[in-house]
Structure formats: C-alpha cells, structure tokens
Number of protein chains: 2
Amino acid sequence: MHRCLVCEIRDQSVCRAIDDEDLVVLAKSSKQLSLPPNTTLIEEGSAATAFFNVTAGTVKLFKSLPDGRRQITGFADVGHFLGLTNAGTYSFGAETVDTVQVCRFMRPQLETLLADYPQFERRLLAEVTDELAEAQEQMLLLGRKTARERVASFLLARMIHRPCQTTGEENRVSLPMTRVDIADYLGLTIETVSRTISALRRDHIITGTDHHGIRVLSPSRLRGLASGQENA
Amino acid sequence: MHRCLVCEIRDQSVCRAIDDEDLVVLAKSSKQLSLPPNTTLIEEGSAATAFFNVTAGTVKLFKSLPDGRRQITGFADVGHFLGLTNAGTYSFGAETVDTVQVCRFMRPQLETLLADYPQFERRLLAEVTDELAEAQEQMLLLGRKTARERVASFLLARMIHRPCQTTGEENRVSLPMTRVDIADYLGLTIETVSRTISALRRDHIITGTDHHGIRVLSPSRLRGLASGQENA
DNA sequence: GCTTGTCTTTGATTTATATCAAAAATCACA
DNA sequence: TGTGATTTTTGATATAAATCAAAGACAAGC
C-alpha cells in the first residue's frame, strides 16, 4: 500500500493523469516532505533539479530585485505543480507560507514520467496554460487597477478558489499569508493594504477582525469593485 | 510543394516539432493569412475556436476592464503560438500591431495534431512555460519597478530579443507599436512613457529622434537601470 | 506641396499611494 | 500569565506618476 493510492488530493493535481495500476511508479518517482512555515523550497536562480507537487498548505512564488523589492507572482496551494522551467535555473523563488506538504520529483524521474505517460504531459500543459491565464489577469491588476480594486480582486479570487466553508461561516476567506505577502502580491505597501481592508470593513463589504481571515458580506459589491465597475 | 516545406521561420516556431515527411499534414491543418495593422485576431471572451502561429509582424495580446482600461500582457512576434486556453473562451484579446502573417489552425485540426505528434505537445509545453516566465518578469515590472526602470526594461528586452541589425546601426531597437501600446504594456500613461524616453535620451543612454526606433548608446547603463541597480 | 488628423512631446497641476512615524493588537515563549 | 517582539493599524506628510492642457511633429490623402 503506497501513498499515491491513498492520496486524497490526487484528482486535484496532475497525478490524476496516471492510472491506478501505474500509481506505484509515481510513488517511487517522488518523495513526500513536510515543511514548516517560511521554508525556502526554491532559491531564485539556483539549478532547476527538483519539482514539487503541493499536497497541503500554501507556497508563495516570487521574483526579487537586487535591492530587496519583491513581487509575489502567485500563491500555489493544494494540487499545484511547481518548478517547470526551460532554462537550467529557476527564474523564481518559492517559500512556504504555512506548514506545507509536497511531493518532490527529481528531474530524471520527472523526465521519465513525462516520456512514459503522454497524459501526464497533457495535464501539465493544461496546468501551465491555466497559470498563464492567471498571470495575465494579475498583470491587468498590477498595471491598471486601483488599490481598492486590487484588494477586492484578491479577496474575491480567494473566496472563489478556496471555499473554506469548514468553519460553517458563509463566504469566509482565509488569509494564511501576512500583510507583507499580500502587499508584495498586489504591488502595494502593507499600509495601503491595511487601510484598504479597513475601508472595505467600514463600507460593510466585508467583516471580521481576525487578521488571518475575513467574511464577505456582499459578494456582488466585491465583484463589482474587482472588475472596476464603480467605487461602491 | 506546400508552404510549410519552404517556411523560413519553421525552426523558430512549434512547427519544428514536425518532421519533414509529415509537414504536408501540418500544411493541410492550417491556413495562412495576411492581416493589415490593427486587425482583431481574437476577441476577448469569444469562443476559442482558432489558434494562430505568427510568421511575420507583431501581435499585441491584452486584457481590458469594462471602463476601457487596458493592459497589454505581451507582444507576440515571429514564431509565437497564440490562443491556447482551458476554458471554452479566450481570456484575452489579440490585435495586429503592424502587417502580420499568421498560420491559423482550427480547434479540431489542432487537437488531431496534438494527439498524433507528442513532440508537438512537448514543444507547446516549452513555449507556454517560457511565456509564463516572461509573465512573471512582467509582474515584477508592473508591481515593483519605477517608470524609468520599466521603460529601460522594455527597451533592453526588445534589444536582446529582437536584434534588428538589418539597418547596420549597432544596438538599434525597433518600436513598431505606438506610445499608447507601450504605456498599456508598462502600466503607465503615454505622457510618462514619452517623458521617460526623453529623459533617457537627455542622459545619453539612448539616442535617435525617430518615433518608431531608437539606438542604445549604453547597454550596460540600460541593464543597470532595468534591474533597479541605481538611477544612473 | 499643402492640409488635416493623429501621434508625440512638453508643461502645469493634482492625486493616489508611498513614506515616515507611532500606537494598538497579536503572538511567542518563558 | 506576563513580557518582549512582531505584525497590524492609523495618522501626517511627501512624491512619483496621473491628469489636464496645449504646442509640435509626423503621416496620409488630395
């Protein structure tokens, strides 16, 4: 009995491309790791030797400038595959946000899998295509949206992508990352993020005082804001 | 004698995945089109039925907000493949910048090609991976760079990617797009782009008065600026 | 070769967000 | 449970880039 066979998130990841009878190959190709918060998974510019499949928690992906300015390009959560690159080195860094579980594939094993299972490659293409569409959406946000629109877009995206109904509360949005991370993701400063969240609370669009979670009171107004419709 | 066999840019595009003897299949799967400047290739949100391979000229890809704000997410030139999406509709628009030649694939033909030629899919994965890396670099630009750094990055990227040494002039950069397009690509206004280019000229980092081309005098200073090293 | 419209540049002013500063809340750990 | 460190919030001020405005340069068509 190997772990891929009992993996609960298999159908949320590229691993669903592999049939049950071949799962043992997958299990042997990868190694499961559990990582504490703020662990470096990928060092920007280092040799691209490993690939990761996130099975629990959230990973932040980012690029930096020499003087320390940083742009988080995405948050990778359950099911996300990380590390693909055409160059021999990673063009981005990756760090855990909270406690994270990943399956790590080393390059030779991954290449064997890709060669042996065309459906695996097909799934990877679909995943990268999806990530590209998300990146384009984020470019629109970074280049053309106001601070209020950016924060609204962020909260909305998390509400839609991450239905954390486990608490029973309706429209609850969990924010495991710090304000610094949110600011670096939205191209703002922490002060602006904080002020904007406070303003949305004041306007009764969201509620909740917990720093790492809010509740959306008016999804429709949030949606309006996120798409730049108004200032309401 | 079909056109793919004599195609001069085949090895710059995904088509290099297809062997010479199978090229006739490729030629039959696609249709060559010649398009004047400012032609809409892809309407944002329309059904994704066609895919394009650019064989000459430059295409701009963009996303818009309801009130008309626009973000150009990339310029696709020779060899670029356009139109992939997981949803049934395009999440972005595409318009020609100058006179453009494309080979158009309709969805069923493309799917047949993908199924029959795994190397074709492999090439596509590499191309999308590359585009994602570029998108991440652009997110860093949009979220964290100053106007001066953005313009420097843009000019530098075009100098490196598009060596237009045909004119004989060293380090010549061609800018077929308008200031509006450059501004919408860099997340700035046309006035800021214009002022910044003038400032770089004043600082003897670039030269040339032609609106659609400049010459880089100091690639090293431009590189420094683009990576945020200084203000020189 | 002139005229008309478009694109680009330059200038003056405004503004959204950054920066600087400090208080309040939360967290970690003894 | 208390204490110091960290994170978040709020406030005052500064600033880079946007906006508003107009002049110059260029391109296309007659």
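Residue numbering restarts at 1 for every chain, and letters A, B, ... go by the order of the sequence lines.
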Item checked: Which nucleotide in C:dA21, C:dT8, C:dG11 has an atom nearest any side-chain atom of B:Ser194 -> C:dT8

Notebook entry, point to check: Under 4.0 Å between a side-chain N or O of B:Thr178 and OP1 or OP2 of C:dT6?
Noted result: no

Check: Would you say the side chain of A:Gln138 lies within less than 4.5 Å of the side chain of A:Tyr185, judging by non-hydrogen atoms?
Finding: yes

Note to self: On DNA chain C, does the nearest nucleotide to A:Thr189 precede the nearest nucleotide to A:His211 from the 5' side, or the other way round? Give the residue.
What the structure shows: A:Thr189

Checklist line | Rounded interatomic separation in angstrom, taking CD1 from A:Ile214 and P from D:dT8 | finding: 15 Å

Next item on the list: State which residue, out of A:Asp181, A:Leu155, A:Asp210, fulfils the side chain to side chain contact (heavy atoms under 4.5 Å, CB included) condition with A:Leu175.
Entry: A:Leu155

Notebook entry, point to check: With respect to the side chain of B:His212, which nucleotide from D:dT19, D:dA17, C:dT8 is positioned closest?
Noted result: C:dT8

Margin query: Determine whether a donor-acceptor pair (N or O, by modelled atom type, separation under 3.5 Å) exists between the side chain of A:Arg104 and the backbone of A:Lys31.
Written below: no

Next item on the list: Measure from CG on A:Asp210 to C1' on C:dC27 and round the result to the nearest Å.
Entry: 13 Å

Next item on the list: Starting at atom CZ of A:Arg202, determine the distance to atom P of D:dG11, rounded to an integer number of angstrom.
Entry: 8 Å

Checklist line | Between P of C:dT8 and CG of B:Leu188, the distance in whole Å | finding: 15 Å

Check: What is the nucleic acid contact for A:Ser198, judged by heavy atoms within less than 4.0 Å: base, sugar-phosphate only, or nothing?
Finding: sugar-phosphate

Check: According to a strict under-4.0 Å criterion, is B:Thr192 in side-chain N/O contact with OP1 or OP2 of D:dA17?
Finding: no

Check: Nearest-Å distance, CG (A:Asp184) to P (C:dA18)?
Finding: 11 Å

Notebook entry, point to check: Whole Å only: how far is the NZ atom of A:Lys145 from the P atom of C:dA16?
Noted result: 18 Å

Check: Closest to the A:Glu191 side chain: C:dT17, C:dT9, C:dA21?
Finding: C:dA21

Note to self: Is B:Arg195 close enough to C:dT9 that one of its side-chain N or O atoms is under 4.0 Å from OP1 or OP2 there?
What the structure shows: no

Next item on the list: Determine the interplanar angle of the A:Phe51 and A:Phe81 rings, folded into 0 to 90°, and report it as parallel if under 30°, tilted if 30 to 60°, perpendicular if over 60°.
Entry: parallel

Check: Whole Å only: how far is the CZ atom of A:Arg148 from the P atom of C:dT17?
Finding: 11 Å

Notebook entry, point to check: Given that A:Arg144 and A:Ile190 both sit by DNA chain D, which one's nearest nucleotide is further toward the 5' end?
Noted result: A:Ile190

Notebook entry, point to check: Between B:Arg201 (CZ) and C:dT10 (P), how many Å, whole number?
Noted result: 7 Å

Next item on the list: In sequence, state the C-alpha distance, the side-chain angles, and the governing distance for B:Glu137 and A:Lys63, and then conclude on salt bridge (charged side-chain N to carboxylate O under 4.0 Å, His left out).
Entry: CA-CA 7 Å; B:Glu137 184 68 43; A:Lys63 285 187 67 97; 3.0 Å; yes

